[in-house]
Novice: 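I have a structure here, written as structure tokens, and I will follow up with some questions on it.
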Amino acid sequence: MAVKVTERKRKAFESKIEGADKVEIKITVVRNDEQRASEALEISRRDIYFFDTPELTLSKAGLVLRARAIEDDDHDAVVKIRPVDPGKVDDKWQETGGFKLEADTVGDKVVMSASLKAKQKKGAIEKVANGEHALSELFSKKQKAFLAEFYDDPVDLDDLAVLGPVRALRADIDRPGMAYELTAEYWTLPDDSHLLELSIKCPPQEAVVAREVFAAFLAGHGLDPNGAQATKTKLAMTSLAERLKQE
């Protein structure tokens, strides 16, 4: 966007900043403008809930049950299993809407996961979190079938505890020198602790090079490319479960 500044305006401003080492130009967005600012910067806000036992029995066995209430977007519930053997995943799931087979990498560790996502009506997740609706109503028949096929032990959904919410901000960022879009997720837990995850996504055939590009980008900014060896989900759920035990 081209901007024209009159000579008079330029001189008037320069006189005000004369002698400064640098100039910081900023704005505190007022509450009425927060939504417009979020849209302009493509910042997504979401409340994230997990469902498990206080001992995290499901998580420790590789099962994650999650729901997300996303501002100005579809809400969803997800059943995620890891690790999985891609060769043992029935083709019917590959043809099912909402299914995803993904390699999650943290440092040198690579874990294959399979997940099935289903859209939720707005307000449905909050009603489950508030105890107004049973958790079993949140997951679809296909998700329950997926759960039964990939997880050996029976799961009584309505006996599980609600962990959360985690308040999350997500932004996709294009950075100079990065061939891949960088995603930043900033999570605030109920105890006011925070987690920040940086990630990129790429096709499998580019993964080896993309991993090196990402590591070089992080190292170039003084960040440890290996970071924490636990995922943000595991760290968050551990904190939420500990908080639940103390209540």
Novice: Classify the angle between the aromatic ring planes of Phe217 and His221 as parallel (below 30°), tilted (30 to 60°) or perpendicular (above 60°).
Specialist: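 Geometry flag for His221 against Phe217: tilted rings.
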
Novice: Before accepting this row, confirm whether a basic side-chain N of the pair Asp47/Arg167 lies closer than 4.0 Å to the acidic partner's carboxylate O.
Specialist: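 Yes.
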
Novice: At what distance, to the nearest 0.5 angstrom, does CG of Leu157 lie from CZ of Phe139?
Specialist: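 Output value for this atom pair is 6.5 Å.
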
Novice: Let me see the working for Leu63 and Val155 under side chain to side chain contact (heavy atoms under 4.5 Å, CB included), right down to the final yes or no.
Specialist: CA-CA 10 Å; Leu63 168 62; Val155 178; 4.2 Å; yes

Novice: Between Asp52 and Val64 (side chain of the first, backbone of the second, donor and acceptor by atom type, cut-off under 3.5 Å), is there such a pair?
Specialist: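 It does not hold such a pair.
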
Novice: Ion pair present between Glu242 and Lys245, side-chain N to carboxylate O less than 4.0 angstrom?
Specialist: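 Yes.
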
Novice: Side chain of His75, backbone of Arg68: donor and acceptor closer than 3.5 Å?
Specialist: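 Such a contact is absent between His75 side chain and Arg68 backbone.
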
Novice: Could you check whether any side-chain N or O of Asp90 sits under 3.5 Å from a backbone N or O of Lys92, counting only pairs where one atom can act as donor and the other as acceptor?
Specialist: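 At least one qualifying donor-acceptor pair exists.
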
Novice: Give, for atom OG1 of Thr57 and atom CG of Asp153, the distance between the pair rounded to the nearest 0.5 Å.
Specialist: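 The CG atom of Asp153 is 10.0 Å from OG1 of Thr57, to the nearest 0.5 Å.
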
Novice: Could you tell me whether the side chain of Lys201 and the main chain of Thr183 form a donor-acceptor pair under 3.5 Å?
Specialist: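 No: the side chain of Lys201 does not pair with the backbone of Thr183.
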
Novice: From Leu135 CG over to Glu137 CD, what is the distance, rounded to the nearest 0.5 angstrom?
Specialist: 9.5 Å

Novice: Might you work through the side chain to side chain contact (heavy atoms under 4.5 Å, CB included) test for Phe51 and Leu58, ending with a clear yes or no?
Specialist: CA-CA 9 Å; Phe51 310 100; Leu58 304 184; over 6 Å; no

Novice: Do side-chain atoms of Glu197 reach the backbone of Thr231 as a donor and acceptor pair under 3.5 angstrom?
Specialist: no

Novice: Return the CG to CD distance between Leu244 and Glu55, rounded to the nearest 0.5 Å.
Specialist: 9.0 Å

Novice: Is a donor on one side and an acceptor on the other found under 3.5 Å between the side chain of Ser15 and the backbone of Ala12?
Specialist: yes

Novice: Could you report the tightest heavy-atom contact between Ser239 and Ser193, atom names first, then the distance?
Specialist: OG-OG, 4.3 Å

Novice: Give a yes or no on whether Val128 and Val79 share a hydrophobic cluster (residues Ile, Leu, Val, Met, Phe, Trp, Tyr; joining criterion: side-chain heavy atoms under 4.5 Å apart).
Specialist: yes

Novice: Measure from the side-chain N and O atoms of Glu185 to the backbone N and O of Ala168, and report whether any donor-acceptor pair falls under 3.5 Å.
Specialist: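 Not a single qualifying donor-acceptor pair exists.
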
Novice: Determine, stepwise, if the pair Met112 / Asp85 fulfils side chain to side chain contact (heavy atoms under 4.5 Å, CB included).
Specialist: CA-CA 7 Å; Met112 295 295 299; Asp85 181 350; over 6 Å; no

Novice: List the atom of Ala184, the atom of Ile173, and the distance in Å for their closest heavy-atom pair.
Specialist: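 Here Ala184 and Ile173 meet closest at CB-CD1, 4.1 Å.
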
Novice: After noting the C-alpha distance and the side-chain angles of Leu182 and Asp174, does the key distance pass the side chain to side chain contact (heavy atoms under 4.5 Å, CB included) rule?
Specialist: CA-CA 6 Å; Leu182 181 69; Asp174 289 319; over 6 Å; no

Novice: Over 60° means perpendicular and under 30° means parallel, so classify the ring planes of Trp187 and Phe50, tilted if in between.
Specialist: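 Tilted.
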
Novice: Please round to the nearest 0.5 Å and tell me the distance separating atom CG of Leu116 and atom CG of Leu101.
Specialist: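 That separation rounds to 12.0 Å.
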
Novice: Atom NZ of Lys234 and atom NZ of Lys60: how far apart are they, to the nearest 0.5 Å?
Specialist: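 Answer for the NZ-NZ pair, Lys234 versus Lys60, is 9.5 Å.
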
Novice: Tell me whether His133 contacts the main-chain N or O of Gly131 through its side chain, where contact means a donor paired with an acceptor under 3.5 Å.
Specialist: no

Novice: Under a 3.5 Å distance rule, please check whether Lys144 uses its side chain to pair with a backbone N or O of Ser136 as donor and acceptor.
Specialist: yes

Novice: If you measure from the Lys or Arg side-chain nitrogens to the Asp or Glu carboxylate oxygens, is any gap between Lys80 and Asp104 under 4.0 Å?
Specialist: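 Looking at Lys80 and Asp104, the cut-off is met.
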
Novice: In the structure I gave you, are the side-chain heavy atoms of Lys117 and Lys100 within less than 4.5 Å of one another anywhere?
Specialist: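 No. Closest side-chain heavy atoms not under 4.5 Å.
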
